[in-house]
Amino acid sequence: MLNIIGAIVSGLVIGILARYFYPGPVPMSWLATILLGVAGSLVAGLVTTRGRRDFERAGCLASVIGAIVLIFIGRAIGIGM
């Protein structure tokens, strides 16, 4: 249970940082910000482990970069961000 709460809190912080560092406005709700941060951490974790079986969450900086990449991809394909 604490792992889930930790992922939500870190997802919120990472999502807020990604929205702050992304150039231009990123209108989204708090729930979308949390999901963005968690997804950014997962994307960065997949990239940094390079497909190994022992998947680990990425560090904070890599997670923020992963979340910024997700914002960029979402805007490029026209998702309502």
Side-chain angles (χ1 to χ4, degrees):
M1 184 69 173
L2 288 177
N3 197 11
I4 294 171
I5 293 171
I8 290 172
V9 171
S10 67
L12 178 63
V13 171
I14 290 166
I16 289 171
L17 287 173
R19 287 177 58 184
Y20 178 76
F21 288 117
Y22 187 81
V26 183
M28 61 176 50
S29 66
W30 285 102
L31 179 61
T33 302
I34 292 170
L35 293 176
L36 173 72
V38 171
S41 181
L42 291 175
V43 166
L46 288 174
V47 170
T48 57
T49 58
R50 293 179 296 281
R52 292 189 311 237
R53 293 186 64 118
D54 54 340
F55 174 74
E56 298 175 3
R57 289 191 318 189
C60 186
L61 180 62
S63 299
V64 171
I65 292 171
I68 290 172
V69 168
L70 287 177
I71 293 172
F72 177 75
I73 291 171
R75 288 194 166 204
I77 62 174
I79 295 177
M81 283 191 199

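Quick note: residue numbers are just sequence positions, from 1. Owing to the predicted nature of the structure, the values given are computational and were not obtained by experimental measurement.
Under a hydrophobic clustering in which Ile, Leu, Val, Met, Phe, Trp and Tyr are joined whenever their side-chain heavy atoms come within less than 4.5 Å, directly or via other members, M28 and I14 fall into the same cluster. The same ILVMFWY cluster, assembled from side-chain heavy atoms under 4.5 Å apart, contains both F21 and I71. Both V64 and F72 are part of a single hydrophobic cluster, where members link through side-chain heavy atoms under 4.5 Å apart.
Of the inter-residue distances, the one linking L17 atom CG with I65 atom CD1 reads 11.5 Å to the nearest 0.5 angstrom.
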Table please: side-chain donor-acceptor pairs of residues 29-39 below 3.5 Å, with sequence neighbours left out.
residue, atom, partner, partner atom, Å
S29, OG, A32, N, 3.2
T33, OG1, R19, NH1, 2.7
T33, OG1, S29, O, 2.9

